[in-house]
Colleague: 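Sharing a structure here in structure tokens format.
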Amino acid sequence: MPNLKILFLAAEADPLVKVGGLGDVAGSLPQALQKAGDIDIRLAIPYYGAIQERRYPLTTVATCAVPHRSGVIPAKIFTTRLNDLIVYFVSGAPIPPEAPVYSTDNLRDGYKFTFYSLAALQLAHAIAWAPDILHANDWHTAPAIYAMHRQRDPFFADTASLLGVHNLPYMGDGAGPALQGFNLPPAAGSSLPWWAQDMPLPLGLLSADHIVAASPTYSREILTPEFGSGLESFLKTRKAHISGILNGIDTSRWDPSTESAISAQYDNDHLDLRRENKTALLREFGLSREPDLPLLGMVTRMDPQKGIDLVPPALRMIEKQGWQAIFLGTGMPAVEKAIRRLEKDFPDRLRAAIRFDALLSRRIYAGADILLIPSRYEPCGLTQMIAMRYGCIPLARTTGGLKDTIRDKDAGNDSTGFLFKRATPQDLAKTIIRSFDAYTSPEAWRRMQRNGMVQDFSWERFARQYAALYQTLAENRQKEFSHGQ
Ligand code: ADP
């Protein structure tokens with residue numbers, strides 16, 4: 001019998017359904033934990049239309065009734081296996097097949113996600129499987145933790161709760177009435193600020209036994225006014241129960257030595273071959289082949305969080321330097337427009353692909369020399385890890401997971417990239433120039449590339465940290481329980 005039982009909740013999980021970074025995490029972490037051994041981890045996820053279309057073989061495991069002010073709402077739960085992972089699909093009227101994973105209406109999403117969160121708790125009951133840990137993620141599944149905490153159901157007496165925070169500013173603002181409909185009232189009189197007392201994420205932060213931020217640095221940053229989104233004073237009261245664990249990357253899916261999307265596969269002993277990918281990328285975008293000019297790349301959501309607005313003025317400041325650039329991204333129209341304008345200003349050396357294109361992202365990681373990541377905040381960040389694995393040097397702001405994973409050139413022989421502190425075009429421009437200087441010395445550059453390529457960003461490493469945390473939380477819970485007897 002496995003030692004620990006974990007119920008893992010997330011609004012998306014690759015390859016079932018993926019919208020963003022949370023999908024990467026929820027798609028990889030449960031499987032990595034399962035491989036770590038001695039853990040029976042099971043994933044429950046809404047049975048979206050997008051999943052139904054994929055026709056997984058299903059068995060019905062439970063039919064539950066979720067209490068709502070308007071009357072009881074039935075939930076039907078199916079199960080399937082994804083490799084060896086047990087997955088539960090929660091279905092019911094609040095999760096209509098035509099609804100996207102996320103809409104722009106938090107009230108509607110709140111209704112859907114709260115129903116799913118509560119049905120997941122009922123599922124545990126129905127199959128008589130009380131987890132040692134309920135691991136929820138972000139605002140969508142935080143209601144499960146709040147409900148478990150409020151309801152004090154003896155069935156969950158031994159269950160500890162863990163809330164993963166992947167992006168603090170997304171708190172589920174506007175979803176409060178949906179929670180109340182499911183008999184989850186605001187936490188009036190609690191230590192939360194008044195405006196947050198009916199929001200799902202803050203309610204989860206209030207009631208979780210432990211909070212895990214997506215990197216050690218982010219776990220400290222959220223205690224400050226700059227990154228705390230107004231919750232910093234409250235979060236300080238929970239400081240003893242907050243830690244940070246980085247996300248990993250799937251190192252078998254991100255591997256330049258087996259990468260099928262690029263012209264020349266390579267590893268850190270054959271970095272010469274990488275040049276072919278740079279040439280092919282320049283050709284693809286109709287840029288002249290100038291092997292001695294550094295090629296800047298970007299693969300990003302076009303959002304102010306990512307600091308892209310710093311890039312146009314910074315590049316204009318270094319107009320006189322020799323460089324080329326290929327950017328891939330999509331997102332806010334205003335940011336996209338600014339990048340388009342930049343492309344017009346530098347017609348013979350900058351190209352922008354305004355779209356989501358997974359294969360092109362791989363060609364950029366494998367062909368660009370430097371990846372720009374000027375994020376204003378970055379809970380963890382994956383692009384810097386992928387870039388390093390592909391021998392593309394990250395140039396990033398010192399924040400969150402970027403700070404935890406990149407060692408600046410000036411740090412010594414084991415450096416892996418370039419970091420800058422202030423979110424200003426001047427600092428970005430200065431750092432780009434610093435990277436160009438380093439680029440002129442091929443031996444030192446290669447050393448940095450190799451240093452990055454041999455870093456261990458595998459999920460296995462971070463899953464071990466989660467496994468240790470689960471163990472501690474379960475033991476603490478046991479102790480509390482025996483003291484309370
Ligand atoms: P976030 O989750 O905040 O967007 P991350 O760095 O954690 O940022 O993860 C971004 C992931 O999405 C990476 O795998 C990156 O390669 C991918 N990505 C971002 N934008 C694009 C795009 N336009 N086309 C293809 N992949 C993209």
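All ligand and atom numbering here is 1-based and tracks the order in the structure. Numbering starts at 1 and runs along the sequence shown.
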Colleague: Between Y439 and W445, is the ring centre distance below 6.0 Å?
Modeller: yes
Colleague: Would you mind listing each N/O atom of ligand 1 next to any protein N/O under 3.5 Å, plus the distance?
Modeller:
unit_1: ligand 1; atom_1: 3 (O); unit_2: R301; atom_2: NH2; d: 2.8
unit_1: ligand 1; atom_1: 3 (O); unit_2: K306; atom_2: NZ; d: 2.8
unit_1: ligand 1; atom_1: 4 (O); unit_2: R301; atom_2: NE; d: 2.8
unit_1: ligand 1; atom_1: 6 (O); unit_2: L382; atom_2: N; d: 2.9
unit_1: ligand 1; atom_1: 6 (O); unit_2: T383; atom_2: N; d: 3.4
unit_1: ligand 1; atom_1: 7 (O); unit_2: L382; atom_2: N; d: 3.3
unit_1: ligand 1; atom_1: 8 (O); unit_2: K306; atom_2: NZ; d: 3.1
unit_1: ligand 1; atom_1: 16 (O); unit_2: Y365; atom_2: OH; d: 2.7
unit_1: ligand 1; atom_1: 23 (N); unit_2: R355; atom_2: O; d: 2.9
unit_1: ligand 1; atom_1: 24 (N); unit_2: D357; atom_2: N; d: 2.9

Colleague: Can you check whether W139 and F113 have ring centres sitting under 6.0 Å from each other?
Modeller: yes
Colleague: Just distance, no hydrogens or angles: give the donor-acceptor pairs under 3.5 Å from side chains in residues 351-361, sequence neighbours left out.
Modeller:
unit_1: R351; atom_1: NE; unit_2: F285; atom_2: O; d: 2.8
unit_1: R351; atom_1: NH1; unit_2: P347; atom_2: O; d: 2.6
unit_1: R355; atom_1: NE; unit_2: D357; atom_2: OD2; d: 3.0
unit_1: R355; atom_1: NH2; unit_2: D357; atom_2: OD2; d: 3.0
unit_1: D357; atom_1: OD1; unit_2: L359; atom_2: N; d: 3.3
unit_1: D357; atom_1: OD1; unit_2: L360; atom_2: N; d: 3.0
unit_1: S361; atom_1: OG; unit_2: A358; atom_2: O; d: 2.6

Colleague: Is any side-chain heavy atom of R362 closer than 4.5 Å to a side-chain heavy atom of V299?
Modeller: no
Colleague: Checking side chain to side chain contact (heavy atoms under 4.5 Å, CB included) between T217 and each of D404, L246, T405, which is the one that passes?
Modeller: D404
Colleague: Taking D303 first and then K306, would you say they form a salt bridge - that is, a charged N and a carboxylate O separated by under 4.0 Å?
Modeller: no
